[in-house]
There are 2 protein chains.
Amino acid sequence: MESIPKPAVPAVISPTSHHQGGDFAAPARARPSERPHVDATVTLKDVAARAGVSVGTASRVLSGHSATSPAARERVRAAATELGYRVNARAQALRSARSHAVGLLVSDVRNPFFADIAHGAEQTALASSYVTLLANANEDTAQQDTYLEVFLTQRVDGIIIAPQGEGRGNLRTLEQARVPLVFVDRTVDGFDVPSVTADNAQGVELAVAHLAEQGHTRIGYIGGPPSVSTGRARLSAFLEAIARHRLDDDPALITAGDFRRASGGTAAAKLLAHHRPPTALLAADSLMAVGALTEVRQRGLRIGEDLALVAFDDIEWFGELDPPLTVVAHDARALGATAMRLLLDVIDGGTAESVVLPMRLIPRRSSAARPHTAASRPSA
Amino acid sequence: MESIPKPAVPAVISPTSHHQGGDFAAPARARPSERPHVDATVTLKDVAARAGVSVGTASRVLSGHSATSPAARERVRAAATELGYRVNARAQALRSARSHAVGLLVSDVRNPFFADIAHGAEQTALASSYVTLLANANEDTAQQDTYLEVFLTQRVDGIIIAPQGEGRGNLRTLEQARVPLVFVDRTVDGFDVPSVTADNAQGVELAVAHLAEQGHTRIGYIGGPPSVSTGRARLSAFLEAIARHRLDDDPALITAGDFRRASGGTAAAKLLAHHRPPTALLAADSLMAVGALTEVRQRGLRIGEDLALVAFDDIEWFGELDPPLTVVAHDARALGATAMRLLLDVIDGGTAESVVLPMRLIPRRSSAARPHTAASRPSA
DNA sequence: ATCCCCGCTGGAATCGATTCCATGGAATCG
DNA sequence: CGATTCCATGGAATCGATTCCAGCGGGGAT
């Protein structure tokens, strides 16, 4: 983690942790009947009354934004601790237009890639005492819009989204409403929004170069949906890489899925049914790679021997598969963390620059297959 | 930074809200460029003004809780639509003590099991237009407390938690603050809180019976940490099952990890180093199972042939491993969805009953090993 | 000594929505 | 036809915190 200038967040009012043990240990002594326990409804007025100051002063002490006398400071702090005061974030948000909540919209946390992003984003938010609202769009534009609507009514301070579609729905609304926004992993054309993405062109080039090095000339491509920017970017990068390396540019070698597992299988089946099947497969996403893997196996072919397979996105367990999968990977956690850092920056009035993270090749056994091996073995 | 003394006008909003009112009489047709775009800062007062009623009436119409005349209803609705009014959830929450936000605290969304829970919970919440605040405790009690504190200041309507520890920290605070609470997957002793858990005893029995059927008598157990209820429950269930099936109750066959991958490897190493190593392993969690798998492989043993392995929690890709892993599974998604349903019930004043979901055995190749195979092959 | 400024404070307005209360008019009843 | 009830409504209080404003006392400058 880099060191970021810690934003001047008035840090949610102090640790109740110690007062619990100390002060509440013997509460009954003072006034047995008047509930000594932590009450969610302790308000600033109560604190002020106990400290013998006005609510204004109490607020100033606790937020630390304004000058206060040492005496007042001491007494207000003491009163707050004794009563177990916890600022009401809702009221605070209403008055000060800062809710300390940000929305995170991904297509599905069950996809390990997005789970990593979510984890990275969430941990970064916590460090600045922001909470993260989790939303799954389920690769569905309608649900994406529904959630954006919900975020809007919740008046979140900002939104991180792995967007989908052409940006016709609520994405426009967001822009017009001037809600701080950051794209992660994907982008949408025509939006002037800072983004954190992976260097897709570089990733594809790494994969293709790797396969070309092994002597492959016919690479089957299992791409993503054109409605998603990474789908488009990787496809065009693939076409370029193929040309650059002077490989076979047979259009029949290009297929597209929807970033879900099943579509990877379908695509693989289509590719392998060709009368001159590819000797290597490149999948634009981890889930489709798994689908392809299953399909290939069912056809009695052995990945890594009869056929090479390279996938995008490294998933923790890809190394445990049989055979371990070669991948072009990026650090999903960093993706999420960086996006959140950018967002917090924008929220604080800064102007964030888009970030492109590098990808790297992790060669494993699945790409060990050499083309002649496959050539010697007819399709199925 | 606030050095410039400026008027108390929130600079960002005003221009749009003003000219809008005027322009709307003849909206898109007259001035295509100044579309009636949705502005986040439209307030109920604006709607009321446009509809020619008081804010009270406007509120009554939109909330639908009180009687209103058809005429007023019509005009308020129209005004709201035209202005793109969106209720301010913060203000609503402050006044009505209902924030439509719930907290979800799991140990780590990167664990597919918890990702499933999160997905199930979140989708259920959305159906009732609640937002879900995501929190990762990272198997760390301190961070768990930090997050509960954050939830408390955010005044969430309720919390779902896969708890950890003995319940000494903020868990008690929650109880005292009467925040609606539901335990998921795990519980904590001494808390009268509705929970949704899996039938651990049944699951362990299924696994042990399955292995016993194959003739195994020495089963190595890789358990979870005693600080987590599932860790304790599964261990005691294991001991009972061993006794019931009259299997070897050698204490050296019992180990404990921390529900993380590395600890599974360590535990497996320890078990296999025994002079009479087990012929089967039972791991109390999926991540530890993967760790064990790796360790076993490195020792040159083949799962499913030299050694049987059964794991808890089915992960989507367990079937793709080599060999596919036999598991005792429960529906994590249902776990999360059910927990959320319970929570919403409690929030609405209901009294939720705890739910125990059944587990089922999914036999795959990893448990095909028969004891004599391993017996014929000395430890490593 | 007088004036000014500064630090600190209490009081009050404010954020946006909900909800209680009183009121005016229509509808109902004896 | 007068009295009671009911309905819809406007106005105002309220939720809990922030922040502006005015005022008070004291120290420094003139």
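Order of the sequence lines fixes the chain letters, A, B, ..., with proteins taken first and strands second; residue numbering starts at 1 for each chain.
- When the P atom of D/dC20 is taken as reference, atom NE2 of A/His65 falls 12 Å away, rounded to whole Å.
- Listed nucleotides D/dA17, C/dG16, C/dG10 differ in distance to A/Leu44; the shortest reach to its side chain belongs to D/dA17.
- No side-chain N or O of A/Arg60 forms a donor-acceptor pair with one of A/Thr68 less than 3.5 Å apart.
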Audit row: A/Leu148, A/Leu171, side chain to side chain contact (heavy atoms under 4.5 Å, CB included) steps and yes/no: CA-CA 8 Å; A/Leu148 292 180; A/Leu171 267 178; 4.3 Å; yes

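- Comparing atom distances between the B/Gln92 side chain and each of D/dA17, D/dT9, C/dA17 picks out C/dA17 as nearest.
- When each of B/Ala58 and B/Ala91 is assigned the nucleotide of DNA chain D bearing its nearest heavy atom, the one mapping closer to the 5' terminus is B/Ala58.
- Phosphate contact (OP1/OP2 of C/dA17, side-chain N/O of B/Thr43, threshold under 4.0 Å): present.
- In this entry the distance linking CG of A/Leu94 with C1' of D/dT18 reads 10 Å, nearest Å.
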Candidate pair A/Thr351 and A/Val346, rule side chain to side chain contact (heavy atoms under 4.5 Å, CB included), full reasoning: CA-CA 6 Å; A/Thr351 55; A/Val346 175; over 6 Å; no

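- If you find the closest nucleotide of DNA chain D to B/Val55 and to A/Lys45, the one lying nearer the 5' end belongs to B/Val55.
- For the pair B/Arg172 and B/Phe191, the cation-pi test (distance below 6.0 Å, angle within 45°) is passed.
- Residue B/Ala72 is classed as a sugar-phosphate contact, given heavy-atom separations below 4.0 Å to backbone atoms only.
- Listed pair B/Thr57 / D/dT9 fails the phosphate criterion, with no side-chain N or O lying under 4.0 Å from OP1 or OP2.
- Between B/Arg90 atom CZ and D/dT14 atom C1' there is a gap of 20 Å when expressed in whole angstrom units.
- Proximity note for B/Asn88 (side chain, C-beta onward) versus D/dT9, C/dA17, C/dT9: the nearest is C/dA17.
- For B/Leu62 and C/dA17, the CG to C1' distance is 11 Å, given to the nearest whole Å.
- Each of C/dT14, D/dA13, D/dG10 was ranked by its minimum atom distance to the side chain of B/Arg95; first place goes to D/dA13.
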Which dot-bracket string describes DNA chain C (Watson-Crick N1-N3 plus N6-O4 or O6-N4, or G-U N1-O2 and O6-N3, all under 3.5 Å; [ ] crossing; | other strand)? ||||||||||||||||||||||||||||||

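- Rounded to a whole Å, the CZ atom of A/Arg86 is 16 Å from the C1' atom of D/dA17.
- One can place CZ of A/Arg98 at 19 Å from C1' of D/dG16, the figure rounded to the nearest angstrom.
- Side-chain atoms of A/Arg60 come within donor-acceptor range of the base of C/dG10, with a qualifying N/O pair under 3.5 Å.
- Under 4.0 Å is where a charged nitrogen must lie from a carboxylate oxygen, and between A/Arg90 and B/Asp157 at least one such pair does.
- Remark: A/Ser69 is in phosphate contact with C/dT9, judged by side-chain N or O atoms under 4.0 Å from OP1 or OP2.
- Remark: P of C/dA17 and CZ of B/Arg155 are 21 Å apart, rounded to the nearest angstrom.
- Between B/Ser54 and D/dT9 there is no side-chain N or O to OP1 or OP2 distance below 4.0 Å.
- Both tests do not hold together for A/Arg98 against A/Tyr130: distance to the six-membered ring centre under 6.0 Å, angle to the ring axis within 45°.
- Judged purely by distance below 3.5 Å, without hydrogens or angles, the side chains of B/Thr173 and B/Asn170 pair a donor atom with an acceptor atom.
- Taking only side-chain nitrogens and oxygens, B/Thr68 never comes nearer than 4.0 Å to OP1 or OP2 of D/dA8.
- Between the side chains of B/Gln123 and A/Asn138, at least one donor-acceptor pair of N or O atoms lies under 3.5 Å.
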